Undergrad: 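A single structure is presented below for examination.
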Amino acid sequence: MPCISEMEFEGIPRSHPRYLSLVLRERVVEGFRRGVVVAEGLIAHGRGECFDYLLGEETREFAVEAMRAAVAALLLAKHPVLSVNGNTAALAGKAVVELAEATGALIEVNLFYRTEERARRIGELLRACGAREVLGVDDATARIPGLEHPRGMTSPRGIYSADVVLVALEDGDRTMALRRMGKKVIAIDLNPLSRTARTADITIVDNVVRALPLMAKMAREMKGLSKEELEDILERYDNNRVLAEALEYIAGRLQELSGGKLVLEP
Ligand code: ATP
Ligand code: MG
């Protein structure tokens with residue numbers, strides 16, 4: 001089975017003005033067919049699409065700033081882990097592997113709707129995307145304190161003992177629980193108002209499909225920086241200001257659009 005984020009989808013005309021958005025839907029649907037994405041994941045994708053429309057479907061400066069801080073945190077970490085769910089694996093599996101390689105982070109499957117079968121399938125998918133090791137498939141034996149149910153289970157070698165954890169499309173409750181364990185949490189979330197976005201230490205308001213490859217590229221470049229330079233980037237970072245800038249950007253863009261001509265010519 002191929003890596004979904006590298007598949008071509010022949011049914012979609014390349015000339016379509018929303019080609020990329022349609023391809024992303026196909027990736028999530030292909031993930032659903034393979035038992036990698038749950039039905040709830042389809043709904044989460046729709047919510048993400050809505051916020052991406054508000055951002056103009058481009059990576060903005062506030063996201064780039066958060067990515068720089070996030071990469072600095074991953075490079076400085078003793079034990080960084082990338083937490084991957086079904087949507088992220090389907091949308092950007094290849095980029096997850098690239099970021100892990102560029103930062104030395106481990107990859108762990110971590111699911112809100114956890115079943116052993118789905119964890120295994122996501123592990124297989126990530127290996128098809130080039131991952132050498134995927135934690136959280138048959139070693140999710142350590143529970144995050146305060147999280148009942150299978151959603152609280154992590155790998156003792158992965159998220160459970162990590163100092164820095166990157167999450168994408170995460171649930172706010174789990175983000176909070178990771179913070180309570182004393183971990184530094186980096187979130188990629190298109191919704192700047194979600195509990196995850198407002199709980200994380202560093203919030204990247206962008207699509208995982210754009211953010212993860214860009215972060216891998218940044219990590220390769222920033223590897224040459226000294227420990228002091230990386231620490232300096234982190235110290236200057238202010239997540240509250242970055243979240244405010246994301247909201248200001250959306251508000252400003254809507255104001256600008258509503259002042260212009262909204263009807264498209266045929
Ligand atoms: P929270 O629990 O943090 O308040 P939520 O309940 O609103 O969040 P969830 O279903 O728990 O939402 O998580 C899905 C989140 O992932 C949503 O905030 C959505 O905007 C975001 N999301 C969906 N698709 C993407 C994507 N491709 N890239 C980045 N973020 C995404
Ligand atoms: Mg939630």
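If you're wondering where the values come from, they're calculated on a predicted model, not measured in any experiment. Both backbone and side-chain heavy atoms feed into the values below; hydrogens, waters and symmetry mates do not. We count ligands from 1, going down the list as the structure has it; atoms in each ligand are counted the same way. We count residues from 1, following the sequence as given.
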Undergrad: Start with the C-alpha distance between Arg14 and Glu8, add both sets of side-chain angles, then the distance that settles salt bridge (Lys or Arg N to Asp or Glu O under 4.0 Å), and finish with yes or no.
TA: CA-CA 11 Å; Arg14 280 192 178 274; Glu8 301 270 344; 3.0 Å; yes
Undergrad: Salt bridge check, Arg120 against Glu117: does any charged N sit closer than 4.0 Å to a carboxylate O?
TA: yes
Undergrad: Suppose we measure from atom 8 (O) of ligand 1 to each protein heavy atom; which comes out shortest, and what is that distance?
TA: Ser194 CB, 3.7 Å
Undergrad: Could you say whether the N/O atoms of Phe51 and ligand 1 ever approach to under 3.5 Å?
TA: no
Undergrad: Any idea which protein heavy atom is nearest atom 7 (O) of ligand 1, and the distance to it?
TA: Arg47 NH1, 2.5 Å
Undergrad: Using a heavy-atom cut-off of under 4.0 Å, does the side chain or the backbone of Glu170 touch ligand 1, or both, or neither?
TA: backbone
Undergrad: Any donor and acceptor pair, going by atom type alone, linking the side chain of Glu108 with main-chain N or O of Ile159 inside 3.5 Å?
TA: yes
Undergrad: Identify whether the distance between the nearest side-chain nitrogen and carboxylate oxygen of Glu30 and Arg33 falls below 4.0 Å.
TA: yes
Undergrad: Does Glu170 bring an N, O or S atom to within less than 2.8 Å of the Mg ion (ligand 2)?
TA: no
Undergrad: Could you establish whether Asp173 and ligand 1 come within less than 4.0 Å of each other, counting only heavy atoms on the residue side?
TA: no
Undergrad: Evaluate Gly172 for polar contact with ligand 1, using N/O atom pairs at a separation under 3.5 Å.
TA: yes
Undergrad: Quick test of your reading of the structure: of Leu169, Asn207, Thr175, Val205, whose heavy atom lies closest to atom 31 (C) of ligand 1?
TA: Leu169
Undergrad: Checking contacts here: is it the side chain or the backbone of Ile43 that comes within 4.0 Å of ligand 1, counting heavy atoms only? Could be both or neither.
TA: neither
Undergrad: Do Arg151 and Asn110 have side-chain atoms, one donor and one acceptor, less than 3.5 Å apart?
TA: no
Undergrad: For Asp189, is at least one N or O under 3.5 Å away from an N or O on ligand 1?
TA: yes
Undergrad: Mind listing the closest non-hydrogen atom pair of Gly31 and Ala90 along with its distance?
TA: CA-CB, 4.2 Å
Undergrad: Number the atoms of ligand 1 from 1 as they appear, then name those within less than 4.0 Å of a heavy atom of Leu91, with their elements.
TA: 27 (N)
Undergrad: Taking NZ, NE, NH1 and NH2 as the nitrogens, is one of them in Arg18 or Glu57 under 4.0 Å from a carboxylate oxygen of the other?
TA: yes
Undergrad: Suppose I only count heavy atoms of Asn191 and a 4.0 Å limit; which atoms of ligand 1 are within that range?
TA: 18 (O), 20 (O)
Undergrad: Before signing off on this row, confirm whether Leu190 and ligand 1 have an N or O atom pair separated by under 3.5 Å.
TA: yes
Undergrad: Would you mind listing which atoms of ligand 1 come within a distance below 4.0 Å of any non-hydrogen atom of Val208?
TA: 27 (N), 28 (N), 29 (C)
Undergrad: Got Glu65 and Glu245 here, is their nearest side-chain heavy-atom distance under 4.5 Å?
TA: yes
Undergrad: Could you check which N/O/S atom of Asp171 is closest to the Mg ion (ligand 2)?
TA: OD1
Undergrad: Taking all atoms of both residues into account, what is the closest heavy-atom pair of Val97 and Leu126, and its distance?
TA: CG2-O, 4.0 Å
Undergrad: Mark up the atoms of ligand 1 that fall under 4.0 Å of a heavy atom belonging to Asp206, in ascending order.
TA: 28 (N), 29 (C)
Undergrad: For atom 4 (O) of ligand 1, which protein heavy atom lies nearest, and how many Å away is it?
TA: Arg195 N, 2.9 Å
Undergrad: Hey, is Arg179 close enough to Asp201 for a salt bridge, meaning N to O under 4.0 Å?
TA: yes
